[in-house]
Protein chains: 2
Amino acid sequence: MEQLRETLKGHHLRTTTCREDVLLTFMNKKNALSHGDLEGALGENYDRVTIYRTLKTFLEKGIIHKVLDDEGLRYALCSHQCSEEKHQHDHIHFKCNACGKTNCLENLHIPHVTLPSGYQPESFNLLIQGKCPECLGNN
Amino acid sequence: MEQLRETLKGHHLRTTTCREDVLLTFMNKKNALSHGDLEGALGENYDRVTIYRTLKTFLEKGIIHKVLDDEGLRYALCSHQCSEEKHQHDHIHFKCNACGKTNCLENLHIPHVTLPSGYQPESFNLLIQGKCPECLGNN
DNA sequence: AAAACACTGCAACATCGTTGCAAGTGTTAC
DNA sequence: GTAACACTTGCAACGATGTTGCAGTGTTTT
């Protein structure tokens, strides 16, 4: 709980109950969350718009990042310390086609890809879809 | 023009002017297109809903596939012959942050990634963002 | 304590995508 | 060619998603 406040303070944000709750939700559920997920979890306490704005603020400050799969947009906590100035997001995300959850695979990096000449890459994002260990275990 | 009809026939679809026009638009513009792009190009001739349904049908039949970047959902022609039964889409997409266009890089494949044990991958999707040759040339 | 600033909720709006239904069109069989 | 059928389209309505302006409230700073 103190840690939450540290995180917010560290990114120059005021600690409000909404921000604490959103951050807490991200830390409890470990997978990526959509606005709808958060609204489902916290919607009785906070306005839809406030949740949108909280996500936008967290994005700008580098607390969370976007995660994309074929179903749409979600968000997940940044693992390495990102800030407003610098984001480091050459992520691998894994989406399970059985349970539908999407996670960051933290400790992998994306192998080098040789692009055709003339292309100047700036960021990489790999989405792998398949079955996650938990779903395979339940067969 | 005949080729269009062949493509539609080959996927067991009736040839209608809307489907021909949508297909033609994909073949002329080479980058990935959103529903909005198509509505802008063809909206005076066809209803919004019809375009949505055409995209949905093309997706199901394997004529186009989804392309995701940080801005949302687009569609692009399938290069290899996909069908209703089988899609092969381990794609690399390049999105230019200057002009905003997203393209498939056809001739590259995604290098092998070793996943933690327990994960069973089924498909791979790599999005690279940066600057495209055309935009770099204009500096 | 007052002024400046940031956050929230509400209302309204814009965009995006879906569904049901009636009318129209392409395809097949004769 | 024509009739019957199934598929496709346009319209209207709806739901979901995301944004903006503004007034009220709470925080910081001095």
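Whole-Å rounding puts the B/E60 CD to D/dT8 C1' distance at 14 Å. Distance, B/I51 CD1 to D/dC11 P: 12 Å, rounded to whole Å. In this structure, the OH atom of A/Y52 is 11 Å from the C1' atom of C/dT15, given to the nearest Å. Between the NE2 atom of B/H12 and the P atom of C/dT27 there is a distance of 13 Å, given to the nearest Å. In this structure, NZ of A/K66 is placed 12 Å from C1' of D/dG18, rounded to the nearest angstrom. Across the protein-nucleic acid pair, A/R19 atom CZ and D/dT27 atom P stand 12 Å apart, rounded to whole Å. The CG-C1' distance, from B/L55 to D/dT9, rounds to 15 Å in whole Å. What separates CG of B/L38 from C1' of C/dC16 is a distance of 14 Å, to the nearest Å.
The base of D/dG18 sits with one of its N or O atoms less than 3.5 Å from a complementary donor or acceptor on the side chain of A/R48.
Ranking D/dC11, C/dT8, D/dT9 by closeness to the A/C18 side chain, first place goes to C/dT8.
Residue A/R53 is the one, among A/R53 and B/G36, whose nearest nucleotide of DNA chain C lies closer to the 5' end (criterion: closest heavy atom). Residue order along DNA chain C, read from the 5' end via each residue's closest nucleotide, puts B/L73 first among B/L73 and B/R14. Toward the 5′ end of DNA chain D lies the nearest nucleotide of B/D47, the other residue of the pair B/D47 and A/K56 mapping further downstream.
Looking at B/N28 and B/T25, their side chains never bring a donor and an acceptor atom within 3.5 Å of each other.
In terms of heavy atoms, B/C78 sits closest to B/G62 at SG-O, 3.5 Å. In this structure, B/K66 and A/D70 approach most closely via the heavy-atom pair NZ-O, 3.2 Å.
Proximity of the aromatic rings of B/Y119 and A/F94 is defined here by a centroid distance below 6.0 angstrom, and this criterion is met.
Using a 4.0 Å cut-off between charged nitrogen and carboxylate oxygen, A/K101 and A/E134 do not count as a salt-bridge pair.
Relative to the axis of its first five pairs, the axis of the last five pairs of the helix from C/dA1-D/dT30 to C/dC30-D/dG1 sits at 40°, rounded to 10 degrees.
In this structure, B/T17 does not reach the C/dG26 phosphate: none of its side-chain N or O atoms is under 4.0 Å from OP1 or OP2. For A/T16 and C/dT8, the shortest distance from a side-chain N or O to OP1 or OP2 is below 4.0 Å. Put simply, B/K9 has a side-chain N or O that comes within less than 4.0 Å of OP1 or OP2 on C/dT27.
Between the side chain of A/R5 and the backbone N or O of A/T15, no donor-acceptor pair lies under 3.5 Å.
Tested against B/F26 for a side-chain contact (heavy atoms from CB on, under 4.5 Å), the candidates B/D21, B/N31, B/L77 yield a single pass: B/L77.
Contacts of B/T15 with the nucleic acid, taken as non-hydrogen atoms under 4.0 Å apart, involve only primed sugar atoms and P, OP1 or OP2.
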